[in-house]
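Chain identifiers are assigned alphabetically (A, B, ...) following the order of the sequence lines, protein sequences preceding nucleic acid strands; residue numbering begins at 1 within each chain. Note that these values count all heavy atoms, side chains included, but never hydrogens, waters or copies made by symmetry.
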Amino acid sequence: MNELVFFINKVLISGAVIGSIYAMGAIGVTLIFSILRFAHFAHGDLMTTGAFVTLFLTAMFPEAGHAVGLPTAFVMMPFAMVITSFLAIGLDKAFYKPLREANVKPVVMVMASIGVTLMLQGVVRIFFGTSSRNLFVDDRKEIFRLELPWELASRKIIITEPQVLLFVFTIVAVVALHYFLTRSRLGKAMRATSDNADLARISGINTKTVVTVTWVIAGCLATAAGTLLSLDVALKPDLSFQILLPIFAAAIVGGVGHPYGAVIGGFVVGFAETLAVFNWAILLRPLEKAYEWDLPSNLALVPTEYKITVPFFILIAILVLKPTGILKGQVL
Amino acid sequence: MSNKLLMNHKKEFLLFGGLFAIILLIMAFMGTAYGLRMLVEAACYAIIAFGLTIQWGYAGLFNAGIMGFMAMGAFVTMLFSFPVNEQFWSSGLAGDLGSVLLKLIIGIVLIVGSIKITRFGVPKKAQQAVTLVLIGVVYLVYMNALAPVADSIEKEVGFIGGFGLPSWLGWVVGGIAAGLIAYFVGHICLGLRSDYLAIATLGISEIIKAFLKNADWLTNGTLTVSPLPWPTPGAADLGFIMARASYLSLTALVIALIFFLLTRAYNAPWGRMLRAIRDNEVSSLAMGKDVNKRRLEVFVFGSFLMGVGGAILATFNGLFDPNGYIPLNHTFLIWVMVILGGAGNNLGTLFGAVFVYIIWTMSEPAALFVFDIIRNIGDSVGWEAPQDLDSRALQARVFVIGLTISLVLRYAPKGVIPEKVARHG
């Protein structure tokens with residue numbers, strides 16, 4: 001029984017945590033991919049930047065959380081989302097829009113986004129240094145230990161407050177996005193632009209507004225993902241390229257242009273990662289005793305240091321087997 | 001005639017003249033040995049930049065994983081040229097490792113065979129399922145066979161050492177290894193939209209780095225391997241200046257050869273076809289050109305050059321350090337060299353590589369100097385500078401690289417020496 005609790009802690013909870021983070025990143029990437037037609041390489045650093053904006057606000061008003069009984073960083077997150085959205089729109093105006101208007105190839109846009117990623121990285125590191133930070137400035141991380149009603153389970157299920165907040169926020173964000181995209185006028189305009197930009201424009205959709213809204217959604221979700229990830233572990237300024245690959249893999253697995261696909265892809269990649277590095281020998285230990293097997297002590301599919309290979313091979317597999325992704329996305 | 005040449009290429013002469021003057025200045029102020037070292041490194045970067053200029057400039061392919069190809073070349077040259085580890089070969093471990101490798105080779109043959117069974121009328125879905133299962137089985141068998149052998153190698157003899165072969169052989173094989181990886185990635189991604197290649201190359205370079213860093217039995221991991229032997233006489237025999245000068249002449253020879261071949265290829269029908277594909281894929285397809293095959297060729301060839309460049313650089317530094325490969329220095333710096341110099345123009349690429357590398361090396365003391373001034377100003381107004389200001393100062397260079405990419409893309413997308421498009425008639 002204890003082994004099962006260990007499995008829940010190590011795989012179900014951490015897989016869901018990392019899956020939610022990937023899902024929120026992948027929604028932004030997939031929207032930008034389908035509306036602006038390029039792979040946004042600066043998304044990882046947009047997440048880091050958003051998290052640092054939160055850190056800045058938290059350091060400014062360390063007391064704010066006590067009033068509502070939540071971590072201050074979580075209370076400050078909506079403000080950081082607004083700031084980061086403005087930043088994202090500004091970056092678009094300064095660096096992507098001129099290229100878009102010059103009608104360059106999508107690859108040039110990808111290069112421009114790498115330029116932006118390096119600039120964001122540089123700015124964040126100049127102002128905040130290169131070491132990792134803790135987002136809990138004036139408060140402590142609360143850890144819940146849930147006891148199980150069975151006698152055999154002496155271990156407890158461990159879940160932290162940021163993780164609960166992350167799950168709640170992810171669900172709320174995905175539901176809200178669903179209603180926005182299917183019910184509101186603007187959301188429908190976004191979907192139309194993503195399906196066929198030229199057709200959308202001649203039928204009177206203001207594509208400029210659509211682009212702006214895309215950046216706002218992407219910026220908000222990136223901030224939330226960055227902040228909640230940093231609340232759960234620590235705020236690292238060198239996240240960018242490490243997190244970019246799983247996010248792209250998630251977006252492509254789900255099918256480019258499908259926000260729901262991105263959510264599915266995020267959880268697929270997240271659980272695949274945690275399942276691959278999980279040590280199966282622990283789960284098999286009771287069986288080992290019962291049947292007197294001789295199992296090696298480590299039965300992980302992939303050593304932890306090679307975790308990055310998991311999203312890559314998922315990506316390769318999906319590109320070979322079904323390049324459109326699970327939900328039939330666009331392959332342009 | 002010579003006057004006409006001068007008139008037609010005024011800009012090139014001016015730029016290279018200025019570059020030459022900068023190099024002389026640096027040699028005068030920082031010492032000849034320092035200047036020579038910088039030039040050799042710049043030359044290695046130029047070889048890598050040539051690899052990128054044919055991928056990006058000739059064919060419009062986006063490679064975000066230059067670091068991985070460089071590291072691969074460096075690793076192979078380390079494996080080939082490092083002295084033989086007698087302890088390893090005389091122990092039974094070599095035989096054990098051999099049997100593991102044999103299993104791996106059999107596994108790969110089986111996997112490749114299973115991909116080909118569609119030729120015997122097996123449906124594609126069934127073939128894919130068989131291949132996936134086979135990959136899984138081979139992977140598990142191989143991992144289980146390797147783990148104990150790798151452990152005992154690390155415990156008993158450190159790492160397997162090298163083969164003690166000449167460096168140049170390692171350079172060539174390193175390039176071929178990089179090319180093979182490029183073939184694997186390109187084969188999968190080149191038929192899809194261009195962004196996927198960028199994502200896949202980014203991923204493969206991180207994986208190569210993770211592998212080289214953690215496979216201690218093969219690469220000595222983070223403990224690094226040094227000194228790698230030089231193909232030319234070392235500093236102990238000739239002194240720093242002469243040794244570096246002879247290494248520089250060797251790299252200059254390599255560059256001259258590559259430059260000659262590339263210029264020939266650019267003007268040949270093959271190069272014209274590539275540019276046609278880059279500029280208008282649809283019409284090239286309509287002309288009956290095999291677009292994906294040409295792209296695969298150029299991607300493999302460019303990655304070969306990146307591997308060779310990385311190998312020559314590692315041999316010159318005498319050090320193989322998998323941790324030293326970071327995307328900024330080894331991927332994006334080269335991007336800046338190529339797009340600033342002029343993608344698709346070999347002369348421009350050469351200029352960009354040497355010029356940007358000089359700026360890059362000079363920028364480190366410059367950034368520290370500027371931030372020192374900031375610290376002093378801060379002190380005088382009562383602002384306390386953070387402890388790690390120096391490491392932050394170096395991060396300012398990241399910002400500058402990013403800004404340069406953005407500005408060049410917007411204001412000078414063709415670089416300082418643009419590609420010359422031949423007009424006929």
Distance, nearest 0.5 Å, that separates CG of B/L403 from CE of A/M119: 5.5 Å
Checking A/F128 against chain B: side chain, backbone, both or neither under 4.5 Å from a heavy atom? backbone
Counting a contact as any heavy-atom pair under 4.5 Å apart, which residues of residues 53-61 of chain B contact chain A? B/W56
Cut-off 4.5 Å, heavy atoms of chain A, and the answer for B/A215 is both
Could you tell me if the side chain of A/L118 sits less than 4.5 Å from the side chain of B/F399, heavy atoms only? no
Determine whether B/F211 and A/T309 make a side-chain contact, defined as any pair of heavy atoms from C-beta on separated by less than 4.5 Å. no
If you look only at pairs with a residue in residues 322-336 of chain B, which of them pass as a side-chain hydrogen bond (donor to acceptor under 3.5 Å, both in side chains), with sequence neighbours excluded? none
Check whether A/K105 gets within reach of chain B through its side chain, its backbone, both or neither, counting any heavy atom under 4.5 Å. side chain
Below 4.5 Å from any heavy atom of chain B, which atoms of A/L319 appear? Answer side chain, backbone, both or neither. both
Heavy-atom side-chain proximity of B/Y196 to A/V256 below 4.5 angstrom: yes
If you measure from SG on B/C189 to CG on A/L315, what distance do you get to the nearest 0.5 Å? 7.0 Å
Heavy-atom closest pair (A/A39 atom, B/D195 atom, distance to 0.1 Å) is N-OD2, 2.8 Å
Within the 4.5 Å heavy-atom criterion, are A/V108 and B/P413 side-chain neighbours or not? no
Do B/I339 and A/M111 come close enough that some side-chain heavy atom pair is under 4.5 Å? yes
Under 4.5 Å heavy-atom distance to chain A, tell me which part of B/L202 shows up: side chain, backbone, both or neither. side chain
Quick one: are A/Y306 and B/I207 in side-chain contact, heavy atoms under 4.5 Å? no
Restricting to non-hydrogen atoms, name the atom on B/A200 and the atom on A/F312 that form the minimum distance, rounded to 0.1 Å. O-CE1, 3.3 Å
Checking A/V302 against chain B: side chain, backbone, both or neither under 4.5 Å from a heavy atom? both
Return the minimal non-hydrogen interatomic distance between B/S406 and A/A112, and the atom names on each side. OG-O, 4.4 Å
Counting heavy-atom pairs under 4.5 angstrom with chain A, the leader among B/T404, B/V398, B/I135 is B/V398
Do the side chain of B/R410 and the main chain of A/P98 share a donor and acceptor less than 3.5 angstrom apart? no
Which bit of B/L140 is near chain A, if near means a heavy-atom gap under 4.5 Å: side chain, backbone, both or neither? side chain
Portion of B/L328 that has a non-hydrogen atom of chain A nearer than 4.5 angstrom: side chain
OH (B/Y139) with more than 12 external heavy atoms under 6.0 Å: yes
Less than 4.5 Å to any heavy atom of chain A: does that hold for the side chain of B/F332, its backbone, both, or neither? side chain
Any A/P303 side-chain heavy atom under 4.5 Å of B/M143 side chain: yes
Can you confirm whether more than 12 heavy atoms, excluding those of A/K322, are under 6.0 Å from its NZ atom? yes
Nearest 0.5 angstrom please: A/I126 CD1 to B/R392 CZ, how far? 9.5 Å
Can you list the steps and then say if B/L132 with A/L321 is a side-chain contact (heavy atoms from CB on, under 4.5 Å)? CA-CA 10 Å; B/L132 274 182; A/L321 299 176; 3.9 Å; yes
What part of A/L301 is in contact with chain B, defined as an atom under 4.5 angstrom from a non-hydrogen atom: side chain, backbone, both or neither? both
Evaluate B/L409 against A/V104 for side-chain contact (heavy atoms from CB on, under 4.5 Å), listing each step before the verdict. CA-CA 10 Å; B/L409 281 182; A/V104 296; over 6 Å; no
Heavy-atom cut-off 4.5 Å, strictly under: side chain, backbone, both or neither for A/A94 against chain B? backbone
Looking only at A/V110, A/V124, A/V320, most heavy-atom pairs under 4.5 Å shared with chain B are made by A/V110
Are the side chains of B/E206 and A/L245 in contact, using a 4.5 Å heavy-atom criterion? no
Could you look at B/I188 and say if it's the side chain, the backbone, both or neither that has a heavy atom under 4.5 Å from chain A? side chain
